[in-house]
Trainee: 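Got a structure for you, written out below as structure tokens; questions coming shortly.
Everything quoted here is computed from the prediction, not taken from an experiment. Hydrogens, waters and symmetry mates are skipped; everything else that's a heavy atom, side chains included, is used. Lettering of chains follows the sequences in order, A, B, ..., and the numbering in each one begins at 1.
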Amino acid sequence: MSKNLVIVESPAKAKTIEKFLGKDFHVLSSFGHIRDLAEKGFGIDFENNYQPQYEVPKDKQKLVGDLKKAAKESEIVWLASDEDREGEAISWHLFEVLGLTKERTKRIVFHEITKNAILEAIENPREIDINLVDAQQARRVLDRIVGFELSPVLWRKIKPSLSAGRVQSVAVRLIVDREREIQKFSSEASYRVTAVFLVTDKNGKPVELKAELQNRIKTKDQALQFLEKCKNAQFQIENIVTRPAKKSPAPPFTTSTLQQEAARKLGYSVSQTMIIAQKLYEAGLITYMRTDSVNLSSLALNTAKAEITSMAGEKYVHVRQFHTKSKGAQEAHEAIRPSYMNQHEINGTNQEKRLYELIWKRTIASQMADAELEKTTATINISTTTEKFIANGEVLTFDGFLRVYMESTDDEGEQENSTMLPPLKVNDNLNIQTIVAQERFTQKPPRYAEASLVRKLEELGIGRPSTYAPTISTIQNRGYVEKGDREGELRTFTTLTLKGDVINDAEKQETFGSEKAKLFPTDIGIVVTDFLNEYFPNIMDYNFTANVEKEFDNIAEGETKWTKTIDTFYKQFHPVVEASKARSDHKVGEHILGTDPKTGRQVSVKIGRFGPVAQIGIADEEEKPLFASLLKNQSMETITLEEVLELFKLPRIVGKFEDKEMSVAIGRFGPYIKHDNKFISLPKEEDPMTITAETAIALIQKKRQDDANKVIKVFPEDTELGLLNGRFGPYISYKKKNYKIPKKQDPALLTYEDCIKLIEEEDKSDKPKKKKRFTKK
DNA sequence: CAGTGAGCGAGCTTCCGCTTGACTT
């Protein structure tokens, strides 16, 4: 055994570091935190000054045992977890759990995985910073209190299994607030006026010069008046200004900017990006992918410089060190960059290749020279009015970093590619070709996509690089938010065209506002957010995290005791929770739409056990109430009495087939036909209210056909056993459980005995399943 | 995997941040 044991957080890091340190050092990994508050209950002793009750979780016990053993066999244990609040706490937990002593324990930190950085860290050990650890304990305990006090209130008031927390509830609020902004938004029209002139280029050939009127025009009448004025006007170049301009490269990637760019340029979801990046990291191709730092190691800077020089020449090099702007950044790691700058591309899946290329380009570009431009603005005078046309031109005089990388933006605004202007002189008279006044509308604020929500959270200092992707998943899994598309709407707009002496007035149509893979709040999300906003405005405040972070900083500085901070918070927070529980009115979010004209009973909507539900009658009445789930595209906020009454027209009998009734209804998975106790989903284009018996029969027969194709083989020995074709290829179905078939095996050749063998093998290897924690559907 | 939602009551759900696998419908 080695004399020295080094413990880091990540196994990939351990492998790299071991190479730098040589034989006397053995490097192991803690795989993140090794201890946490007790899983059940609060895990906090409220009677005893908020003493945390820590436990080693089941899946960490073996690891902790191994670490203990390794520590015992080593002379010195080097705790090398990250240099941030969480990392310090990990070191402290290791110290406590492994039973280490101060004499033979050293705490070291490094921000980059380079040999020099690590050797230097070994030269400069320190002790565990208990103040920083306390700041982490405060963070942990606060999050537990907020989450575990609020969630049960939601179970009681709205629906079981819901959740609330410092991060997720604010994330949902952002989406709900944005949705309301969009609803409130009314777009304003104005006229954008563009002119096309004919001028001659260097060779005497006619070319077009496009220019835009300085200000937009408010109304159609005014636009017409303007065009009238232009009919007999002279157009003359009044002024030409040319000025140099620069574009600078974006900083290298952090977790959040990588997620944004991968979404924009490659169309990856936030979690997809992280999974692919993890692969690249484990293969040693990139640095750590969960980071808030834009910092690059000096090694990286030097090798990037060399790479750019050999690729493009020294002129293209501009070494920069960027600085993190985001709130609450802890900068324990480098920016995300390629491990080796001279590796332009990699082997791997297509997705891995593309993500790597993106990271490589962004990193290299960040160390390249600014792009240089020459911007030209020509002002064009109109003889009959004081208004001016402006023509903009742009010439790239030096491409600089643009040679490898251009950052994308979320703006879908009307951007015109600026190009070079033809040669112009002041006082030149211009030949007008057309002037077009086109009606344009102000745009609704866009809904958040996954990545733009992450950007907003980061901006507010809410959440950490390691939690962005899980948070996005959580709010979708809880049913607060749904990712979806919205089809664009059609609208007409007016285009006025002046050509010669004639003004043409035309109406055209365009679609607008279509959105893809955006986050929409559900009724549950809206009701939960409204409820939390009402009772817990402090927690829901966009600045709540930033405010408590200041408190944590004070603890880290040793100015405040962490239990004092928690005590102050809890004494204020807990009574509010109790008060919200005591509220004895009906379900939160319930509202009454009117009365059923047939029975005179009350019609209302609320969040039920299975989501939004409409109800006729109330529970206390002698006659039981009737219920019907809202449709996917309906919202509790906007649904009308008429629409609700429609819902109760189902189930509807559409006719008979083979002497059995066919009925249509809407279930958990959408509209379906029920016939002979079998269920058949309706395709999207069929409306359950209008579907005919003929169509229904056709669907039933199609379903029978499909089912027949599904079966590869059945066995006379046992009717419960079947070989079937499924979404993931052939499989064995037995007693309602599914079993795999080995890939190389031809399923058609399997005998009854083969199948039973496969089933027994798989049942045997079925390990006791872990609690479903992340993958709950 | 499917028409649920009363009422009774037991027992469960839940947070955020560090880390990787295991796991397949």
Trainee: Can A/Q168 and A/T474 be counted as having a side-chain donor-acceptor contact under 3.5 angstrom?
Mentor: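 Looking only at side-chain atoms, A/T474 and A/Q168 do not form any donor-acceptor pair under 3.5 Å.
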Trainee: Given B/dC16, B/dT13, B/dC18, identify the nucleotide with an atom nearest to the side chain of A/D84.
Mentor: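 Of the options given, the side chain of A/D84 lies nearest B/dC18.
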Trainee: If we only count heavy atoms from C-beta on, is the A/E86 to A/R139 side-chain gap below 4.5 Å?
Mentor: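 They are in contact (side-chain heavy atoms under 4.5 Å apart), so the answer is yes.
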Trainee: Taking any heavy-atom pair under 4.0 Å as a contact, classify A/Q168: base, sugar-phosphate, or nothing.
Mentor: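 If one applies the 4.0 Å heavy-atom cut-off, A/Q168 turns out to touch the sugar-phosphate alone, with no base involved.
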Trainee: State which of B/dT19, B/dG17, B/dT14 makes the closest approach to the side chain of A/Y288.
Mentor: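 Side chain of A/Y288 sits closest to B/dT19.
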Trainee: Quiz question: going by heavy-atom distance under 3.5 Å, is there a donor-acceptor pair between the base of B/dC16 and the side chain of A/R464?
Mentor: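 Side chain to base: no pair present.
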Trainee: Indicate yes or no: at least one non-hydrogen side-chain atom of A/V170 is less than 4.5 angstrom from one of A/T545.
Mentor: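 Side-chain contact under 4.5 Å: no.
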Trainee: Does A/R140 get its side chain close enough to the base of B/dC15, under 3.5 Å, for a donor-acceptor pair?
Mentor: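 Checked by distance alone, the answer is yes.
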Trainee: Could you check which of B/dC18, B/dT20, B/dA2 has an atom nearest any side-chain atom of A/I90?
Mentor: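 From the listed options, B/dC18 comes nearest.
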Trainee: Describe the nucleic acid contact of A/S29 in one word from base, sugar-phosphate, nothing, applying a heavy-atom distance below 4.0 Å.
Mentor: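 Touches nothing.
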Trainee: Of the listed nucleotides (B/dT19, B/dG21, B/dT13), which one gets closest to any side-chain atom of A/E9?
Mentor: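 Out of B/dT19, B/dG21, B/dT13, the nucleotide with an atom closest to A/E9's side chain is B/dT19.
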Trainee: Within the 4.0 Å heavy-atom criterion, would you say A/L142 contacts the bases, only the backbone, or no part of the nucleic acid?
Mentor: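 Answer is nothing: A/L142 stays at 4.0 Å or more from every strand.
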Trainee: Answer with base, sugar-phosphate or nothing: what part of the nucleic acid does A/Q278 contact at a heavy-atom distance below 4.0 Å?
Mentor: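 Sugar-phosphate contact only.
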Trainee: Would you mind checking if A/R601 and A/E623 are paired as a salt bridge, meaning a charged N to carboxylate O distance below 4.0 Å?
Mentor: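 Judged by the 4.0 Å cut-off on N to carboxylate O distance, A/E623 and A/R601 do form a salt bridge.
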